[in-house]
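To start, the structure itself, in structure tokens.
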Amino acid sequence: MCNVLAGFRDVLDMTDDARPAAASASSAPGPAPSSVKRLPELTRAAMWTTAIVITVLTAGVVTVLWWPATAGAGLVGADLVKTRLDALKIGLSVGVGSGGVVALYLAWRRQHSTEADLDNRERVLAQQYEVLAHQQAVAAATQAYQERVANEAHVDAAARRITELYTKAVEQLGSDKAPVRLGGLYALERLAQDNETQRQTIVNVLCAYLRMPYDPPAEPDHDDDAGTERSDNYRERVQEREVRLTAQRLLHDHLDPIRDTAYWGALDLDLTGAQLIDFALTGARVGTSTFRKAIFSGTARFGRTTFTRDARFDEAAFTGDARFDEATFTGAAWFGGTTFTGDAQFGRVTFTDDALFGQATFIGDVLFSQASFSYAAWFGEATFIGDAWFSKVTFIGDARFGEATFTGDAWFGEATFTGDARFGRVTFNGDTRFGEVTFTGDAWFDKATFSGIPEFGEATFNGECSFDDSTADDMAFRPAGLSRTVDDPTSQG
């Protein structure tokens, strides 16, 4: 019996040991409801009551089996002792069994409590993880918002700073003092260099400045009676010329890809009606370029320039030489009504779109040697006063020279006309050479006038050709050996 009570007491102690863990788990902040229900807590009174019941039950069984077994059976001696020992064993077995049942019940309660505690702990941890994740999400959102606000503030500050610098630089350009205007130009250059998004705007400002009316300085009158007013006017114009030359140089420097990080990209230029002095875009790469009615004083240099979009020079005036050697016109090239007072050099120029030189005037020599015209080449009503060199030129599209006037020599030696070649009503006043020219398309020279005898030696006519009403030295002209002609009464060049 004492052993049973000791074992029962051990089981009670084990059950009590499980309670602190449950208590500690229950003390976790904000536990979630457990999926395993906790059993009602056993009090010490209930435990001792159970122990007493088992003891009384055991004693009762022993007593019941002890006395009936010995009182009426008439057993004596060793049989009586043996019978009573058996009764005692049975009674004790009942007690031990009852204690075992209670112990199993307590063990089950302990297991159930442990599972409930583990479940609660898992739920608490899950809840803590959710809280932590929520806190992290809130922190990330707060940080992102703060960064966005800071970035917007930085952008706003930068925009205000750019606006202030831009406004101040433009105000400097309006100054009546040349050094201040120069400072404005360099301020704009620095602003564009540091802010890529402002480069086209800065270029627009530079172009607008160059479009403003300007009269070049005339030689000062050294007469003592001339006064200081004329001298001051001359000095101001000279200073303004320096400012304009600086603006032109800035455009050249920052539109030339060779400048690497200083290259601002293929930006658009609008210099309509501008007075340009020794203007240069050598090697530059530009976008849409408008030079309509511009006046180029001195030499204009466009050698190796790439025009990525349309280039308009119509009605412009080149008072000096115009150098376009090896330039590339990706878009249409407009030179209609343009006046070239000096030499016009278009050697090895590539025209990938239409080239329009209608009504252009070439007072000096013009050189198109080895140029390439991928589309239409229009020289209708153009005037060539100096010598015109079109030797080894390739006309892939139609070439139209209708009603053009060549006052000097016209050289087309070894040129190739892949499309139609129209020279109707053209006037050749100088020597004319079409030696070794290849006319793949039709060739029309109707009513053309040659002052001398034109040279067509070894020329090849693969298409239809016509020299109707053409004259050389006031006599009807038709190249020797030409076996095929065709009338084209509608041809006007």
Side-chain angles (χ1 to χ4, degrees), residues 162-195 198-221 226-256 258-259 262-265 267-284 286-287 289-302 305 313 316-323 342:
I162 291 173
T163 301
E164 292 173 358
L165 293 175
Y166 173 81
T167 302
K168 183 177 180 180
V170 172
E171 289 176 352
Q172 288 180 285
L173 288 181
S175 173
D176 57 353
K177 300 181 182 301
V180 177
R181 297 196 296 274
L182 285 172
L185 290 177
Y186 288 116
L188 288 173
E189 178 193 26
R190 183 171 63 254
L191 181 61
Q193 184 64 34
D194 296 338
N195 300 274
Q198 301 299 315
R199 292 175 179 176
Q200 182 63 66
T201 301
I202 301 303
V203 168
N204 292 342
V205 173
L206 297 179
C207 290
Y209 187 85
L210 292 173
R211 290 198 304 268
M212 296 175 64
Y214 169 68
D215 294 325
E219 287 298 327
D221 191 347
T228 60
E229 182 178 353
R230 185 176 299 176
S231 177
D232 291 344
N233 181 268
Y234 172 77
R235 184 173 59 256
E236 290 176 0
R237 291 187 181 184
V238 170
Q239 292 177 347
E240 174 61 12
R241 180 178 61 190
E242 293 303 316
V243 176
R244 286 175 170 267
L245 288 174
T246 300
Q248 292 179 183
R249 181 180 57 78
L250 292 178
L251 289 177
H252 182 202
D253 289 348
H254 295 289
L255 295 177
D256 188 353
I258 201 174
R259 294 294 303 277
Y263 175 58
W264 291 352
L267 303 179
D268 298 337
L269 298 177
D270 184 2
L271 291 166
T272 304
Q275 177 78 42
L276 304 174
I277 307 166
D278 291 328
F279 189 79
L281 281 180
T282 307
V286 296
S289 304
T290 304
F291 294 89
R292 295 183 68 251
K293 299 183 179 181
I295 299 175
F296 294 86
S297 300
T299 302
R301 296 176 173 85
F302 291 89
T305 301
F313 290 86
F318 293 86
T319 62
D321 292 345
R323 299 179 179 176

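This structure is a prediction, so every number in the text was calculated from the model and none was measured.
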Pi-cation contact, Tyr209 with Arg244 (under 6.0 Å, within 45°): yes
Roughly how far, to the nearest 0.5 Å, is the [atom2] atom of [Y] from the [atom1] atom of [X]?
X      : Y      : atom1 : atom2 : answer
Ile162 : Asn195 : CD1   : CG    : 3.5 Å
Leu276 : Leu245 : CG    : CG    : 10.0 Å
Tyr263 : Leu255 : OH    : CG    : 7.0 Å
Leu251 : Asp256 : CG    : CG    : 12.5 Å
Arg323 : Thr305 : CZ    : OG1   : 13.0 Å

Holding to side chain to side chain donor-acceptor pair (under 3.5 Å), I want the full list of residues that pass it with [X], two or more places apart in sequence or in another chain.
X      : result
Asp270 : Thr272
Glu242 : none
Asp278 : none
Gln248 : none

Contacts of [X] that satisfy side chain to side chain contact (heavy atoms under 4.5 Å, CB included) - sequence neighbours left out:
X      : value
Arg190 : Ala187, Asp194
Asp253 : Arg249, Arg259
Thr282 : His252, Ala280, Arg301, Arg304
Leu165 : Arg161, Leu191

Pair Trp264-Gln200, side-chain donor/acceptor within less than 3.5 Å: no
Counterpart residues, salt bridge (Lys or Arg N to Asp or Glu O under 4.0 Å), relative to Arg181 (two or more places apart): Glu240
With sequence neighbours excluded, residues passing salt bridge (Lys or Arg N to Asp or Glu O under 4.0 Å) with Arg235: Asp232
Can you tell if the side chain of [X] reaches within under 4.5 Å of the side chain of [Y], non-hydrogen atoms only?
X      : Y      : answer
Arg241 : Pro216 : no
Leu281 : Leu269 : yes
Ile202 : Glu189 : no
Asp268 : Val203 : no
Gln275 : Arg211 : no

Plane angle bin for Phe291 and Phe302 - parallel if under 30°, tilted between 30 and 60°, otherwise perpendicular: perpendicular
Ring geometry between Phe318 and Phe296 (parallel below 30°, tilted from 30 to 60°, perpendicular above 60°): parallel
Nearest heavy-atom pair of [X] and [Y]: which atoms, and what distance?
X      : Y      : result
Ala247 : Leu210 : CB-CD2, 4.0 Å
Thr319 : Ser297 : OG1-CA, 3.2 Å
Leu185 : Leu250 : O-CD1, 3.9 Å

Contact list for residues 166-177, test salt bridge (charged side-chain N to carboxylate O under 4.0 Å, His left out), sequence neighbours left out: none
Pairwise ring-ring contact (aromatic ring centres under 6.0 Å, His included) hits with a residue in residues 162-182, at least two apart: none
Expected output: side-chain Arg199 to main-chain Gln193 donor-acceptor under 3.5 Å: yes
